[in-house]
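A, B, ... follow the sequence lines: proteins, then strands. Residue 1 opens every chain.
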Protein chains: 2
Amino acid sequence: MKRLDQYCPVVHALELVGERWSLLIVRELLHGPKRYTDLTNGLPGIGTNILAARLRDLESCGIVEKKKLPPPTPATVYELTPYGKELDEAMHALARWGARTLGPPKSPDELYPEWGVNALPALFDPERAKGVKETYELKIDENVFTARVARGRVEAEVGAAPDADVVAEMDSPTFFALVAHELSPAEAVKSGRARIEGAVDAFDRCFEIFHIAPRVAAAA
Amino acid sequence: MKRLDQYCPVVHALELVGERWSLLIVRELLHGPKRYTDLTNGLPGIGTNILAARLRDLESCGIVEKKKLPPPTPATVYELTPYGKELDEAMHALARWGARTLGPPKSPDELYPEWGVNALPALFDPERAKGVKETYELKIDENVFTARVARGRVEAEVGAAPDADVVAEMDSPTFFALVAHELSPAEAVKSGRARIEGAVDAFDRCFEIFHIAPRVAAAA
DNA sequence: CTGCATCCGCCTCGATACTG
DNA sequence: CAGTATCGAGGCGGATGCAG
C-alpha cells in the first residue's frame, strides 16, 4: 500500500496489511504454518505472483517468517511471527462486524473445513465466559469442532473432545440462528434441529458465550 | 473490492470496507458527520473521484448516509449509520496493533487536532477500568482531550473538563512513552516531562487504563 | 510436484481539469 | 462547495514457463 504519510496507527496498520489479500493470507496462517501451494488453494483467485509479492512484503515487515523444513520432506513453509499472530484480535473484530450482514451459508460446501476454529474465537464473549469452565463439542454439518472455555478464554480446535460437557449436532443454518439468538437452544432441541448429549444447561450457556450482535438487513 | 466468493465473514467485511481509503473514511466519520470538502482535507492524497466513488459504495451498503442540512446553510454531510459506527471496535483493534510498530511522532504537527479522541478509546483497557469512575484531562502538545471513565467504558472528547480528577500536561513523546509503559507516571512528573494538577493516584491509574502492548522493533 | 518469475490485458488508482 | 470527466501509470488476475 502506498505511503499515506499521515501519523495514525490505522494508516500504519493498513500500510502493513491493508493491501488486497494481505489480511486473508494472515487468516490462512493463523492456525499454523502453511506451504505456498496450500495458501494458493486456500485463497481461490489469488495470482501466484501476487501471493509471492505479498509474502515478501509481509516477511519484510515482520509479520510472516519463511522457514525451511529439514529433510525428510524439505518444504518451505510460511509462519506468522508473534507480532503477526496478534492480528487475531483485529481480525475477529472485523469478522464479528462482517458476520452481521453475511447471513447463513447457502450451501454447506461454501464453508472450508476449519471454519469453526476461526468462528468460535470471533464469536466468543469474554464477559459472559467469566467463571465458566466447560468444553463444548459441536458437530456442524460434517465438521466437528471443540471449544474449551476456561479462565475467561477460549481455545478452539478441529475434532472431537472425549471430555466434553455437552456434544451437540446440528446443521450450519441452525448454528447461525443460534449464535444470532434468532433461535433459542431449547427450541432448537425441541424442534429437532439440534441433537445434544450431555448437560442441557451447558448447551444453553454455550450460546450465551458464543454469539453475535443482531443481524443487519442490507449491505448490498 | 472484487468478489472473492468465499463464505467467510472477514472476506465479506473486506468486500465492504477493504478497499483503499474506505476504512479511513470511516475513521474520519467516527466522530460525527462531515462534509465532502472536510473529508478531502482530512484525507491528504485522496482523489476527489475516489472519494466520491467510495462514498457511493459505502452508502449503497448501509455504512454511510448522505444527508442534506436544511437552510440557513444548506450543505450535504456524510454520516455513519449505526452499523457503520460499529466498525469502531475493529478499527481500535487495528489501531492498537499498528501502534506497536509506529513509534512516537517525529513532530507534533504530524498529528491532527482530534487524534486523542481516536487514540484514547483504542488504548482503553476495560479490564483495568473496572470499578473506576474518573475523569482525566490531558493537555498534549497544543491539544486538550478529556477522557471520562465509568462503568467499564470510556468517552473521549476534545476540550477541557472542569470536573476532572486530574489535569496533566505533557508533550506527545511523553504521552507515547507513558502509554507504552516505557516511562512511569512518577518518573514523568519527577523529571518535569509531565505537569499535573489534582490527584496523583488518578494520574497513575490513567496509564494503567490507557496503554498499549510493548512496542515491536521492526516493521519496515 | 512445489515454488516461484514472467508476460499480458484489464481495471483501478491518483492527479488534474472542469462544471453546477 | 460538491462533485463529474478525462487520462496516464501501475496494480491486479490469469496463463504460462521453468528450476529444484
Side-chain angles (χ1 to χ4, degrees), chain A residues 1-6 11 14-29 32-61 64-80, chain B residues 1-6 8 11 14-26 28-29 32-61 64-80:
Chain A
M1 175 150 302
K2 196 193 162 194
R3 297 270 125 185
L4 304 171
D5 55 57
Q6 225 183 31
V11 167
L14 290 176
E15 281 170 358
L16 299 180
V17 294
E19 264 172 312
R20 238 150 161 106
W21 296 109
S22 294
L23 249 194
L24 296 177
I25 292 173
V26 172
R27 181 199 71 185
E28 289 295 303
L29 295 178
K34 289 200 175 179
R35 292 181 308 174
Y36 190 90
T37 321
D38 296 331
L39 288 172
T40 318
N41 296 333
L43 270 8
I46 195 173
T48 149
N49 50 345
I50 304 294
L51 177 56
R54 292 291 176 277
L55 286 171
R56 225 179 298 120
D57 295 345
L58 290 173
E59 192 185 357
S60 84
C61 61
V64 157
E65 253 181 336
K66 183 200 247 177
K67 288 194 175 175
K68 296 219 183 281
L69 260 49
T73 20
T76 59
V77 294
Y78 295 87
E79 185 173 15
L80 288 182
Chain B
M1 175 151 300
K2 196 192 161 194
R3 296 273 124 183
L4 302 171
D5 55 59
Q6 228 182 29
C8 164
V11 166
L14 289 176
E15 281 170 359
L16 299 180
V17 294
E19 264 171 314
R20 243 150 158 101
W21 297 109
S22 294
L23 249 193
L24 297 177
I25 293 173
V26 172
E28 289 295 303
L29 296 177
K34 289 201 174 178
R35 292 180 306 176
Y36 190 90
T37 321
D38 297 331
L39 288 172
T40 317
N41 296 333
L43 269 10
I46 195 173
T48 152
N49 50 346
I50 305 294
L51 178 54
R54 292 292 176 276
L55 287 171
R56 223 180 299 119
D57 295 344
L58 291 173
E59 191 184 358
S60 83
C61 62
V64 156
E65 253 180 336
K66 184 199 244 175
K67 288 194 176 175
K68 295 217 181 284
L69 261 47
T73 21
T76 59
V77 294
Y78 294 88
E79 186 173 13
L80 289 182

Student: Atom CD1 of I46(A) to atom C1' of dG14(D): distance rounded to whole Å?
Tutor: 13 Å

Student: Any side-chain N or O of Y78(B) under 4.0 Å from OP1/OP2 of dG3(D)?
Tutor: yes

Student: May I ask you to test the L51(B)-W21(B) pair for a side-chain heavy-atom distance under 4.5 Å?
Tutor: no

Student: Would you say the side chain of P33(B) lies within less than 4.5 Å of the side chain of K67(B), judging by non-hydrogen atoms?
Tutor: no

Student: What integer distance in Å separates K68(B):NZ from dC1(D):P?
Tutor: 15 Å

Student: For residues L55(A) and L39(A), determine if any side-chain heavy atom of one lies less than 4.5 Å from a side-chain heavy atom of the other.
Tutor: yes

Student: Output all residues satisfying side-chain contact (heavy atoms from CB on, under 4.5 Å) with T48(A), sequence neighbours left out; order by chain, then residue number.
Tutor: Y36(A)

Student: Any side-chain N or O of K66(A) less than 4.0 Å from the OP1 or OP2 oxygen of dC4(C)?
Tutor: yes

Student: Rounding to a whole Å, what distance do you find between I25(B):CD1 and dC13(C):P?
Tutor: 11 Å

Student: Specify the separation, in whole Å, of atom CG of D38(A) and atom P of dT2(C).
Tutor: 8 Å

Student: Would you tell me if any nitrogen or oxygen in the side chain of W21(A) comes within less than 4.0 Å of OP1 or OP2 on dG11(D)?
Tutor: no

Student: Between dA5(C), dG13(D), dA2(D), which one does the side chain of R20(A) approach most closely?
Tutor: dG13(D)

Student: E59(B) pairs by side-chain contact (heavy atoms from CB on, under 4.5 Å) with which of R54(B), K66(B), E65(B)?
Tutor: K66(B)

Student: Can you measure D57(B) atom CG to dG3(D) atom P for me and round it to whole angstrom units?
Tutor: 14 Å

Student: For Q6(B) and dG13(D), what is the distance between atoms CD and P respectively, to the nearest whole Å?
Tutor: 13 Å

Student: Hey, does K34(A) have a side-chain heavy atom less than 4.5 Å from the side chain of L29(A)?
Tutor: yes

Student: Rounded to whole Å, please give me the gap between CD1 in I50(B) and C1' in dG3(D).
Tutor: 13 Å

Student: Taking only side-chain N and O atoms of R56(B), does any of them lie within less than 4.0 angstrom of OP1 or OP2 on dT4(D)?
Tutor: yes

Student: Is R35(B) close enough to dG3(D) that one of its side-chain N or O atoms is under 4.0 Å from OP1 or OP2 there?
Tutor: no

Student: Polar atoms only, N or O, under 3.5 Å: list the protein pairs with nucleotides 5-8 of chain D and their distances.
Tutor:
| from | atom 1 | to | atom 2 | distance (Å) |
| --- | --- | --- | --- | --- |
| dT6(D) | O4 | N49(B) | ND2 | 3.4 |

Student: Would you say E28(A) and I25(A) make side-chain contact, with heavy atoms under 4.5 Å?
Tutor: no

Student: Could you check how far CG of L51(A) sits from C1' of dG11(D), rounded to whole Å?
Tutor: 16 Å

Student: Is there a side-chain polar atom (N or O) of R54(A) under 4.0 Å from OP1 or OP2 of dC12(D)?
Tutor: yes

